[in-house]
2 protein chains.
Amino acid sequence: MSNELKNYTDNSAAQMRKGTLELSVLLVISDDEVYASDIITKLKAYDLLVVEGTLYPILSRLKDAELVTYTWVESKDGPPRKYYKLTPRGKEALGQMKETWSNINKSINQLIKNV
Amino acid sequence: MSNELKNYTDNSAAQMRKGTLELSVLLVISDDEVYASDIITKLKAYDLLVVEGTLYPILSRLKDAELVTYTWVESKDGPPRKYYKLTPRGKEALGQMKETWSNINKSINQLIKNV
DNA sequence: ACCTAGTACTATATAATGCAAGGTACTATG
DNA sequence: CATAGTACCTTGCATTATATAGTACTAGGT
């Protein structure tokens, strides 16, 4: 595949991943109290790459929207960490997003099958 | 659900849909030669809403990247239409994007299952 | 005591892009 | 010839992922 085409499809892949970013982050937080590096590590295990510069703004938005809260926890390895967990609102939002994901999923898969 | 939360999840839904836009458009074009209004109508049937202001720039990008070509076709209902079809490059890109979609799909669904 | 490395959070600047809104131009009809 | 319907295009705005740089804390070596 030509480099130009690869760039195009890479960008398209990035767009697809973007769409699922917040859902992914909320899913990880819903599983366990985690701090930023945990989230990056866990998502990497699912091939859903996220970098610091992307994650921190997302966490801020989620915090502002009161979908998550955090508690500071001291660390002996460096500065204190913010451990995040879902609020009730966050759980409600996550449920909604999962349903949205399921619907889009259904639509695209039908489209793929039918064409 | 509060309005504020609804706005947030609506926005998140829009993000998810965005990620699949180009894939959706290419899928529709791969099925049949179509012009813009056809694409909008067909995607609407799958609950994948696209509007003119979104679609035309996408079609321009796809054309510039030589993933699609078009031929002008006269219409007795108004101005001539651009009927789009995939190029070989376009078919290659589509194959790649379908695979990307499948991978992300797998990742998210695993994540949903495991948490 | 100081410096370096590693870790964690924050802030800023940039680029991409979905979308609303408004514009141009073609055909057919009254 | 004016209006309605259709089709394509452009401009401006807002959102947001990402790169980059910065601050601050701990631990360990010299």
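Every chain is numbered from 1 and lettered A, B, ... according to where its sequence line falls, protein lines coming before strand lines.
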Q: May I have the distance from B:L59 (atom CG) to C:dT17 (atom P), rounded to whole angstrom?
A: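 These atoms are roughly 14 Å apart.
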
Q: With heavy-atom distances below 4.5 Å as the criterion, would you say the side chains of B:L94 and B:L23 are in contact?
A: yes

Q: DNA chain C: B:G78 or B:A14, which has the more 5' nearest nucleotide?
A: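 The 5'-side residue here is B:A14.
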
Q: Choose from C:dC19, D:dC25, C:dC9 the nucleotide whose nearest atom is closest to any side-chain atom of A:P79.
A: D:dC25

Q: Is A:Y56 close enough to C:dC9 that one of its side-chain N or O atoms is under 4.0 Å from OP1 or OP2 there?
A: yes

Q: Could you tell me whether the phosphate oxygens of C:dC19, OP1 or OP2, come under 4.0 Å of any side-chain nitrogen or oxygen in B:T54?
A: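 Looking at the OP1 and OP2 atoms of C:dC19, one of them is under 4.0 Å from a side-chain N or O of B:T54.
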
Q: Provide, to the nearest angstrom, the distance between the OH atom belonging to B:Y8 and the C1' atom belonging to D:dT16.
A: 11 Å

Q: So does B:E52 reach the base of D:dC8 with its side chain, donor to acceptor, closer than 3.5 Å?
A: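 It does, because a donor-acceptor pair links the side chain of B:E52 to the base of D:dC8 below 3.5 Å.
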
Q: At under 4.0 Å, does any side-chain N or O of A:N11 touch on OP1 or OP2 of C:dA15?
A: no

Q: Are B:Y46 and B:V50 connected in the hydrophobic side-chain network, where two residues link if heavy atoms are under 4.5 Å apart?
A: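 Hydrophobic grouping puts B:Y46 with B:V50.
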
Q: Any side-chain N or O of B:Q15 under 4.0 Å from OP1/OP2 of D:dT16?
A: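 Yes, such a contact exists.
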
Q: Atom CD1 of B:I39 and atom C1' of C:dG18: how far apart are they, to the nearest Å?
A: 16 Å

Q: To the nearest Å, how far apart are A:L23 CG and D:dA17 P?
A: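 The distance from CG of A:L23 to P of D:dA17 comes to 13 Å, rounded to the nearest Å.
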
Q: For B:S37, answer base if it contacts any base atom (sugar-phosphate contacts may also be present), sugar-phosphate if it contacts only those atoms, and nothing otherwise; contact means non-hydrogen atoms under 4.0 Å.
A: sugar-phosphate

Q: Quick one: A:K82 NZ to D:dC25 P, roughly how many Å, whole number?
A: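 Interatomic distance, NZ of A:K82 to P of D:dC25: 14 Å.
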
Q: Which part of the nucleic acid, if any, lies within reach of A:R61 when heavy atoms closer than 4.0 Å are counted: base, sugar-phosphate only, or nothing?
A: sugar-phosphate

Q: Taking only side-chain N and O atoms of A:K18, does any of them lie within less than 4.0 angstrom of OP1 or OP2 on D:dT18?
A: no

Q: Quick one: do B:M16 and B:L49 end up in the same hydrophobic cluster if we chain Ile, Leu, Val, Met, Phe, Trp and Tyr together by side-chain heavy atoms under 4.5 Å apart?
A: no

Q: Rounded off to whole Å, could you give me the CZ-to-C1' distance for the A:R81 and D:dC25 pair?
A: 12 Å

Q: Do A:L21 and A:Y56 share a hydrophobic cluster, counting only Ile, Leu, Val, Met, Phe, Trp and Tyr and linking them when any side-chain heavy atoms are less than 4.5 Å apart?
A: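 As far as the 4.5 Å side-chain criterion goes, A:Y56 and A:L21 are not connected within one cluster.
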
Q: Could you give the CE-to-P distance, from B:M16 to D:dA17, as a whole number of Å?
A: 12 Å

Q: B:K76 side chain N/O closer than 4.0 Å to the phosphate oxygens (OP1, OP2) of C:dC26?
A: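 It does not, given that no N or O in the side chain of B:K76 lies less than 4.0 Å from OP1 or OP2 of C:dC26.
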
Q: I want to know whether A:Y70 and A:Y83 have ring centres closer than 6.0 Å.
A: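 Ring centres of A:Y83 and A:Y70 not closer than 6.0 Å.
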
Q: Identify whether B:W101 and A:L5 are in the same connected component of the hydrophobic contact network (ILVMFWY, side-chain heavy atoms under 4.5 Å).
A: yes

Q: Categorize B:P80 for me: base, sugar-phosphate, or nothing, with a 4.0 angstrom heavy-atom threshold over every strand shown.
A: sugar-phosphate

Q: Within less than 4.0 Å of OP1 or OP2 of D:dC8, is there a side-chain N or O belonging to B:Y35?
A: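 So the side chain of B:Y35 is outside the cut-off, no N or O lying under 4.0 Å from OP1 or OP2 of D:dC8.
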
Q: For the pair made of CG in B:L49 and P in C:dC19, what is the distance, rounded to whole Å?
A: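 It is 9 Å, rounded to the nearest whole Å.
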
